Amino acid sequence: MCTLFEEPPTEKVWVDRGLEKYGVIAVATGESGDAAQVEKVDHPTAMRMLKNLGDIGRVGPSLGSFSVSAKILDALCEEFKEELEAKDGKLDTDPHFWMPLTLPQDEYISLMSQKGVAEDESRAHHIRMTQMKDTFLAANPELGLFGAVDVGNNACWWDYGQLKLYIANNLKLSEEGDDADLLRRFFGVTSRVMNSNVSGVDVDELAFVSSCKAKSGSVGAHSTIAAVEAEDIQIGQDAIVVNCAAKKIIAGKGAVLYNLISEAEEGIVAEDGDVIVAVTSTDGSSMLLRSKIDICGGGAWKKVLDGNTMSFEEVHTQNKDADVSTIEKIRKEMYKKASSSFGGN
């Protein structure tokens with residue numbers, strides 16, 4: 001599923017639409033409707049990788065949703081039967097299914113090398129998927145392989161995969177307009193303050209508050225807070241605070257706080273434009289990652305930012321195989337313990 005642009009895929013369109021930050025679906029001209037996918041590459045790289053499609057008619061960001069026929073699902077299950085039975089390995093649909101099925105081998109290897117995957121590993125996987133593809137198409141000549149389902153250039157969708165979009169779409173909950181109305185409807189939002197006990201808090205009429213408990217403080221205009229428990233909160237304009245518990249929470253203008261838990265007397269303090277998130281491990285330990293709302297995480301991926309001990313890349317590598325179910329249980333217990341320490345529960 002994707003949203004295809006009407007404009008031809010020129011380099012200007014690519015840059016203006018920010019396509020280098022997305023998995024992109026490209027559809028060939030002509031009746032076949034053949035399509036292919038590339039992931040987070042610039043325009044020249046994409047055109048080189050997609051040359052096997054011939055003339056490209058339209059492109060657009062993948063929305064991540066897809067459906068498969070029973071036959072291709074059976075083929076994939078058969079191909080990866082040993083891994084499924086052993087419950088061994090980890091594959092993602094875009095880099096391990098759609099791209100090797102639709103891109104030439106050399107281009108696939110080049111793309112995967114940018115992700116740190118060894119050339120021999122990528123070549124072996126592409127050969128394996130090509131053999132599966134050839135067998136499948138020979139047995140099912142009436143079927144296509146990979147097609148685009150265009151939901152329309154003006155379709156309503158909200159991306160949370162980049163910090164700037166996470167901020168924009170969370171703040172949209174307190175905005176006016178058709179897009180904001182649809183977002184609230186999607187999330188079941190029926191009022192500015194929902195499922196909360198904040199009678200002693202001065203909540204601006206343009207803020208949004210959900211599932212929160214606080215005895216005193218204020219929530220500024222156009223801010224969004226959810227699953228927050230504290231005795232006192234001071235939430236600045238345009239701030240976002242989610243899944244946080246502390247005796248006192250101070251979030252400056254435009255700050256973003258996520259998954260923070262503190263039993264300290266001073267609570268949680270963030271200055272204007274601060275981004276602070278907690279990363280919890282299965283042993284119950286937790287580290288803070290800090291950034292600023294004007295820092296691009298992709299550009300700073302390999303850097304150790306001020307206040308941090310690790311780069312974003314190092315944190316990702318350390319946690320990519322973490323048991324998120326166990327961590328969520330631990331976080332809930334930590335949250336409950338912290339909130340009970342100041343009478344939140």
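All heavy atoms count here, side chains included; hydrogens, waters and symmetry mates do not. Because the structure is predicted, anything quoted here is derived from the model rather than measured. In what follows, residues are counted from 1 in the order of the sequence shown.
- In summary, Glu119 and Arg123 engage in a salt bridge, as defined by a charged side-chain N under 4.0 Å from a carboxylate O.
- Closest approach of Gly152 and Thr3 over heavy atoms only: O-OG1, 2.6 Å.
- The side chain to side chain donor-acceptor pair (under 3.5 Å) contacts involving residues 189-201 comprise Glu176-Arg192, where partners must be two or more places apart or lie in separate chains.
- Here the side chains of Val256 and Ile276 are not in contact, with every heavy-atom distance at 4.5 Å or above.
- Partners of Lys302 under the side chain to side chain donor-acceptor pair (under 3.5 Å) rule, at least two apart in sequence or in another chain, are Glu313.
- By the 4.5 Å heavy-atom criterion applied to side chains, Lys336 and Lys332 are not counted as neighbours.
- A tilted orientation is assigned to the rings of Phe146 and Trp98, their planes being inclined by 30° to 60°.
- For the side chain to side chain donor-acceptor pair (under 3.5 Å) test, residues two or more places apart in sequence or in another chain that qualify with Glu83 are Arg128.
- Between Tyr160 and Phe187, the angle of the ring planes goes over 60°, which puts this pair in the perpendicular group of the 30/60° scheme.
- Val149 and Val59 fall into different hydrophobic clusters, where Ile, Leu, Val, Met, Phe, Trp and Tyr residues are linked whenever their side-chain heavy atoms come under 4.5 Å apart, directly or through other members.
- Residue pairs meeting the salt bridge (Lys or Arg N to Asp or Glu O under 4.0 Å) criterion with at least one member in residues 267-289, sequence neighbours excluded: Asp274-Lys292.
- Between the side chain of Ser281 and the backbone N or O of Gly284, no donor-acceptor pair lies under 3.5 Å.
- Judged by distance alone, the side chains of Thr130 and His126 do bring a donor and an acceptor atom under 3.5 Å apart.
- Judged purely by atom type and a 3.5 angstrom limit, Asn308 uses its side chain to pair as donor or acceptor with the backbone of Arg290.
- Side-chain N or O atoms of Gln114 include none that pairs as donor or acceptor with a backbone N or O of Leu111 at under 3.5 Å.
- Listed here is the closest heavy atom pair of Leu63 and Cys2: CG-CA, 4.0 Å.
- By the 4.5 Å heavy-atom criterion applied to side chains, Leu76 and Met132 are counted as neighbours.
- Remark: Ile268 CD1 to Cys244 SG distance equals 5.0 Å, nearest 0.5 Å.
- Under a 3.5 Å cut-off, the side chain of Trp14 and the backbone N or O of Pro44 do not form any donor-acceptor pair.
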Run the numbers on Val277 and Leu288 for side-chain contact (heavy atoms from CB on, under 4.5 Å), then give the verdict.
-> CA-CA 6 Å; Val277 303; Leu288 298 183; over 6 Å; no
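- Here the side chain of Thr135 pairs a donor or acceptor atom with the backbone of Gln131 at under 3.5 angstrom.
- Val24 and Met99 fall within a single hydrophobic cluster, where Ile, Leu, Val, Met, Phe, Trp and Tyr are joined by side-chain heavy atoms under 4.5 Å apart, directly or via other members.
- Looking at residues two or more places apart in sequence or on another chain, you find a salt bridge (Lys or Arg N to Asp or Glu O under 4.0 Å) between Glu265 and Lys247.
- Using bins of under 30°, 30° to 60° and over 60° for the plane-to-plane angle, the ring pair Trp301/His316 lands in the tilted bin.
- Met112 and Val38 fall within the same hydrophobic cluster, defined by Ile, Leu, Val, Met, Phe, Trp and Tyr side-chain heavy atoms under 4.5 Å apart, directly or through other members.
- Smallest separation of non-hydrogen atoms from Leu101 and Leu145: O-CD2, 3.5 Å.
- Every side chain to side chain contact (heavy atoms under 4.5 Å, CB included) that Glu263 has, sequence neighbours left out, goes to Lys337, Ala338, Ser341.
- The hydrophobic cluster containing Met194 does not contain Val201, counting ILVMFWY residues as joined when their side-chain heavy atoms lie under 4.5 angstrom apart, directly or transitively.
- The main-chain N or O of Ser325 is found under 3.5 Å from a side-chain atom of Asp323 such that the two form a donor-acceptor pair.
- The shortest heavy-atom contact between Gly236 and Ser223 is O-CB, 3.6 Å.
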Can you list the steps and then say if Ile127 with Gln105 is a side-chain contact (heavy atoms from CB on, under 4.5 Å)?
-> CA-CA 8 Å; Ile127 291 172; Gln105 184 180 113; 3.6 Å; yes
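- Under the side chain to side chain donor-acceptor pair (under 3.5 Å) criterion, Thr282 pairs with no residue, sequence neighbours left out.
- Contact between Ser311 and Val304 at its shortest, heavy atoms only, is N-CG2, 3.7 Å.
- For Ser216, the side chain to side chain donor-acceptor pair (under 3.5 Å) partners are Asp232, not counting sequence neighbours.
- Relative ring orientation between Phe186 and Trp158 is described as tilted, the plane-to-plane angle lying within the 30° to 60° band.
- Going from atom CD1 of Ile25 over to atom CZ of Phe66 covers 11.0 Å, rounded to the nearest 0.5 Å.
- Within a 6.0 Å sphere centred on CG of Asp294, heavy atoms belonging to other residues, nucleotides or ligands number more than 12.
- A donor-acceptor pair is defined here as one N or O able to donate and one able to accept, closer than 3.5 Å; such a pair exists between the side chain of His96 and the backbone of Asp92.
- Of the possible donor and acceptor atoms, one in the side chain of Ser339 sits under 3.5 Å from a partner among the backbone N and O of Tyr335.
- Listed by chain and residue number, Lys12 satisfy the salt bridge (Lys or Arg N to Asp or Glu O under 4.0 Å) test with Asp16 (two or more places apart in sequence, or in another chain).
- When the shell of 6.0 Å around OH of Tyr258 is examined, it contains 12 or fewer heavy atoms from other residues, nucleotides or ligands.
- Heavy-atom contacts from other residues, nucleotides or ligands closer than 6.0 Å to NZ of Lys253 number 12 or fewer.
- Note that CD1 of Ile249 and CD1 of Ile235 are 6.0 Å apart. Values are rounded to the nearest 0.5 Å.
- Under the rule for a ring pair (Phe, Tyr, Trp, His ring centres under 6.0 Å), the partners of Phe97 that lie at least two apart in sequence or sit in another chain are Phe80.
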Intermediate values then yes/no, side-chain contact (heavy atoms from CB on, under 4.5 Å), Leu165 and Ile167 = CA-CA 5 Å; Leu165 297 178; Ile167 293 172; over 6 Å; no
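- The heavy-atom pair separating Ala322 from Ile327 by the smallest distance is CB-CD1, 3.8 Å.
- Looking only at distances, a side-chain donor or acceptor of Thr224 sits under 3.5 Å from a matching main-chain atom of Asn170.
- With hydrophobic clusters built from ILVMFWY side chains whose heavy atoms lie under 4.5 angstrom apart, Phe208 does not share a cluster with Ile233.
- Remark: Ile250 engages Gln234, Lys248, Val269 in a side chain to side chain contact (heavy atoms under 4.5 Å, CB included) (not counting sequence neighbours).
- Sorted by first and then second residue, the salt bridge (Lys or Arg N to Asp or Glu O under 4.0 Å) pairs involving residues 135-160 (not counting sequence neighbours) are Arg58-Asp150, Lys71-Glu142.
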After noting the C-alpha distance and the side-chain angles of Leu257 and Ile240, does the key distance pass the side-chain contact (heavy atoms from CB on, under 4.5 Å) rule?
-> CA-CA 6 Å; Leu257 308 181; Ile240 298 171; over 6 Å; no
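- Summarising the geometry, atom CD1 belonging to Ile293 is positioned 13.0 Å from atom NZ belonging to Lys164; distances are rounded to the nearest 0.5 Å.
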